[in-house]
Amino acid sequence: AIANGTKPSANGTLCAPGYEGALCAMCMDGHFRDNVAKTCLPCEETSDCWVYVVVLVGCAALAYPTYLVYERAKAFFRSKCALGGKEGEENEEQEGDEEESDSWYLLKENAKTVFYTWQIIGQMASLNEIRGGGEFPAPFNHVVRALEPLTSLDFFNIFHVSCWMGHTTYAHRVLFASVMPVLGVAFSITTFVLMARKPSVGIKLPGQAFSKERLKRDWIEILLIKYANMAMVFTFPVAVKTYLLSFICNSYDVGEEEEELKIMAASLSVECVHPLSFSLSEPHGGIKVIGLVALLIVTPLILISLYMSIYPIRHLLENRTKRKCSPLVDFIISRWKPLKWQYAFIDVVRRILLTSGLLLMPDVQSQCLLAILLNVGFTMLYRESNPYYDDATSDLDNMCQWSIVVSAFALLLEPVLDEFESESESDVFTTFLVGILFTVHVLVIVMAIMPGLFGD
């Protein structure tokens with residue numbers, strides 16, 4: 001990003017074409033940042049956003065049909081291997097139908113667990129880089145870079161908003177990060193109010209929020225509320241991180257004695273103002289005002305909305321005999337035991353702390369240490385309280401927690417690679433570290449898939 005290998009200035013006059021800002025780390029207007037290569041490309045070049053769209057749509061379209069084909073084949077071979085007789089085939093078919101439902105639901109739960117894990121790992125790597133730290137050793141860093149836009153749901157970068165909006169600042173990013181969770185809350189509340197005006201039909205079973213008749217009649221509204229709530233919960237931690245980054249600055253030595261230049265960590269073209277200054281006449285002051293307003297309004301709004309979606313039906317949650325209780329919140333409740341529904345809130349707090357709370361630490365080393373301590377603490381809490389609905393979910397979640405610990409250790413040890421006396425020693429250590437990272441995360445994927453395909 002530096003032209004002709006010269007040292008960059010803070011105003012970016014010596015930067016290569018397409019770059020600007022301190023250390024030439026920002027993309028100029030008319031350019032977007034490639035998510036994998038981390039380079040600035042002209043907006044006229046082919047965007048990679050279509051790749052993420054195709055991947056998401058393709059996975060969503062093929063996942064369930066593929067699973068159904070697998071289940072039908074498994075049921076067929078099981079029936080052939082059964083003791084024989086019509087009765088045995090009927091029993092096998094009935095058990096297969098029940099197992100299909102449970103297995104598919106468990107597979108979806110495991111997919112959410114893996115998503116949350118990679119969301120945390122991607123944000124840890126992003127924060128480490130923003131605060132001036134290194135990244136994961138190659139080629140693991142390429143995997144994290146490729147998955148980070150998907151797991152963070154950073155639509156600002158995925159769809160290159162800066163290209164079709166023209167000139168953008170970090171204030172636009174803060175506002176854009178608020179769109180999805182705020183729209184999720186508004187859409188969920190509005191649809192729920194409209195649905196509540198309809199007369200009740202049918203009789204609700206114990207531990208169920210809706211009768212079968214109402215589920216059938218209002219399935220469109222229920223589906224819309226469910227996905228609005230999911231959008232709110234999935235994007236909330238990253239939105240909070242975006243708000244907090246409005247206040248984080250990095251210091252750079254400008255060569256004069258006892259003088260430093262402070263630049264926004266998330267927008268290296270903006271010079272920081274005094275921490276207590278919120279002057280709208282300064283670019284950073286305006287960004288801080290927008291970030292503070294979003295933090296004080298959007299964050300409580302989402303937490304209250306989540307609370308009001310779960311707390312009024314707590315008696316149903318505690319009396320349920322199955323995973324499901326209300327399709328509006330089953331995606332966040334079903335993994336917990338009936339009397340442990342409070343862990344839905346605890347887990348949201350865990351994700352916020354590991355994606356946003358790390359910014360409270362002064363440097364990258366303390367960020368990694370805090371991530372390790374938080375994960376160890378939550379792992380011990382979950383192991384002692386055993387809040388999970390089944391053992392398979394418990395085992396996978398605990399493994400995911402430890403995979404985050406291993407990833408945080410890898411980021412913490414990254415500076416050690418530069419301390420080796422010879423390049424061969426550094427290569428050996430890097431290979432060992434990469435091997436551990438891939439082994440742990442492959443094991444997580446296997447643990448996520450196996451129970452859903454072959455049962456507990």
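- For Thr190 (side chain) and Phe187 (main-chain N/O), no donor-acceptor pair under 3.5 Å exists by modelled atom type.
- Within the 3.5 Å criterion, the main-chain N or O of Leu328 finds a donor-acceptor partner in the side chain of Asn229.
- Taking CG of Leu373 as the reference point, atom SG of Cys368 lies at 11.5 Å (rounded to 0.5 Å).
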(request) Could you give me the CA-CA distance, side-chain angles and deciding distance for Val428 and Phe432, then say whether side-chain contact (heavy atoms from CB on, under 4.5 Å) is met? (result) CA-CA 6 Å; Val428 170; Phe432 176 73; 5.6 Å; no

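- Atoms OG1 and CG, from Thr191 and Leu224 in turn, are 6.0 Å apart once rounded to the nearest 0.5 Å.
- When all heavy atoms are compared, the tightest approach of Gly122 to Val144 is CA-CG1, 4.1 Å.
- Below 30°, between 30° and 60°, or above 60°: for Trp118 and His441 the angle between ring planes is between 30° and 60°, a tilted geometry.
- A cation-pi arrangement, defined by a distance under 6.0 Å to the six-membered ring centre and an angle within 45 degrees of its axis, is present between Arg314 and Tyr311.
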(request) Run the numbers on Gln365 and Leu412 for side-chain contact (heavy atoms from CB on, under 4.5 Å), then give the verdict. (result) CA-CA 6 Å; Gln365 289 79 15; Leu412 186 63; 4.2 Å; yes

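- Evaluation of the ring pair (Phe, Tyr, Trp, His ring centres under 6.0 Å) rule for Tyr389 yields no partner, not counting sequence neighbours.
- Between Trp402 and Thr379, some side-chain heavy-atom pair lies under the 4.5 Å cut-off.
- At least one donor-acceptor pair closer than 3.5 Å links the side chain of Lys288 to the backbone N or O of Pro275.
- The environment of Phe438 atom CZ is dense: over 12 non-hydrogen atoms of other residues, nucleotides or ligands sit within 6.0 angstrom.
- In this structure, the side chains of Tyr19 and Thr39 come closer than 4.5 Å at one or more pairs of heavy atoms.
- Here the closest heavy-atom approach between residue Met195 and residue Ile222 is recorded as SD-CG1, 3.8 Å.
- Closest of all the heavy-atom pairs between Leu358 and Arg131 is O-NH1, 4.4 Å.
- Between Ser178 atom OG and Leu301 atom CG the span is 10.5 Å, to the nearest 0.5 Å.
- Two residues are said to be in side-chain contact when any heavy atoms from C-beta on lie closer than 4.5 Å; Leu127 and Met361 fail this criterion.
- Other residues, nucleotides and ligands contribute at most 12 non-hydrogen atoms within 6.0 Å of the CG atom of Asp391.
- If you check the side chains of Ser356 and Tyr243, you find no donor sitting under 3.5 Å from an acceptor.
- Every residue was checked against the ring pair (Phe, Tyr, Trp, His ring centres under 6.0 Å) condition with Tyr227, not counting sequence neighbours, and none meets it.
- Judged by distance alone, the side chains of Ser279 and Ser277 never bring a donor and an acceptor atom under 3.5 Å apart.
- With sequence neighbours excluded, no residue forms a ring pair (Phe, Tyr, Trp, His ring centres under 6.0 Å) with Tyr170.
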(request) With side-chain contact (heavy atoms from CB on, under 4.5 Å) as the test, would you mind laying out the steps for Ile263 and Asn250 before giving the verdict? (result) CA-CA 5 Å; Ile263 303 293; Asn250 290 336; 5.7 Å; no

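- At a threshold of 4.5 Å between non-hydrogen side-chain atoms, the residues Asn141 and Arg145 count as touching.
- Minimum interatomic distance between Asp395 and Met447 (heavy atoms only, all atoms of both residues): O-CE, 3.5 Å.
- Taken to the nearest 0.5 Å, the CE atom of Met264 stands 9.5 Å off from the CZ atom of Phe247.
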(request) Go through the steps for Met124 and Leu411 under the test side-chain contact (heavy atoms from CB on, under 4.5 Å), then give the verdict. (result) CA-CA 9 Å; Met124 282 198 313; Leu411 289 174; 4.2 Å; yes

Could you give the side-chain donor-acceptor pairs of residues 336-350 under 3.5 Å, partners two or more places apart or in another chain?
| from | atom 1 | to | atom 2 | distance (Å) |
| --- | --- | --- | --- | --- |
| Trp336 | NE1 | Ile332 | O | 3.2 |
| Lys337 | NZ | Asn386 | O | 3.2 |
| Trp341 | NE1 | Glu318 | OE2 | 3.0 |
| Tyr343 | OH | Ser385 | OG | 2.7 |
| Asp347 | OD1 | Arg350 | NE | 2.9 |
| Asp347 | OD1 | Arg350 | NH2 | 3.3 |
| Asp347 | OD1 | Tyr382 | OH | 3.0 |

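- Between Glu109 and Lys112 there is a salt bridge, since a side-chain N of the basic residue sits under 4.0 Å from a carboxylate O of the acidic one.
- Using modelled atom types and a 3.5 Å distance limit, the side chains of Thr113 and Arg335 yield a donor-acceptor pair.
- Two residues are said to be in side-chain contact when any heavy atoms from C-beta on lie closer than 4.5 Å; Val114 and Ile445 meet this criterion.
- The number of heavy-atom neighbours closer than 6.0 Å to CZ of Phe331, taken from other residues, nucleotides and ligands shown, is above 12.
- For the residue pair Ser269 and Met26, the shortest heavy atom distance occurs at N-CG, 3.7 Å.
- Between the Ser309 side chain and the Ser305 main chain, a donor and an acceptor come within less than 3.5 Å of each other.
- Looking only at side-chain heavy atoms (C-beta outward), Leu153 and Phe115 come within less than 4.5 Å of each other.
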(request) Using the side chain to side chain donor-acceptor pair (under 3.5 Å) rule, take Asp427 and Thr430 through it: C-alpha gap first, then chi angles, then the decisive distance, then the call. (result) CA-CA 5 Å; Asp427 291 341; Thr430 301; 5.3 Å; no

Identify all side-chain donor-acceptor contacts of residues 289-300 below 3.5 Å with residues at least two apart in sequence or on another chain.
| from | atom 1 | to | atom 2 | distance (Å) |
| --- | --- | --- | --- | --- |
| Thr299 | OG1 | Leu295 | O | 3.1 |

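- A side-chain donor-acceptor contact under 3.5 Å links Gln119 to the backbone of Phe234.
- With rounding to the nearest 0.5 Å, the separation of CD1 in Ile225 from CD1 in Ile189 is 10.5 Å.
- Take Asp330 and apply the salt bridge (charged side-chain N to carboxylate O under 4.0 Å, His left out) test, not counting sequence neighbours, and it matches no residue.
- Taking all atoms of both residues into account, the shortest heavy-atom contact from Ala171 to Ile287 is N-CG1, 4.1 Å.
- Side-chain contact between Val174 and Ser246 is present, with at least one heavy-atom pair separated by less than 4.5 Å.
- Between Leu303 and Tyr307, the closest side-chain pair of non-hydrogen atoms is not below 4.5 Å.
- Between Phe176 and Phe156, the ring planes lie perpendicular to each other; the angle is over 60°, past the 30° to 60° tilted range.
- Asn375 places no side-chain N or O within 3.5 Å of a backbone atom of Ser403 that could act as its donor or acceptor partner.
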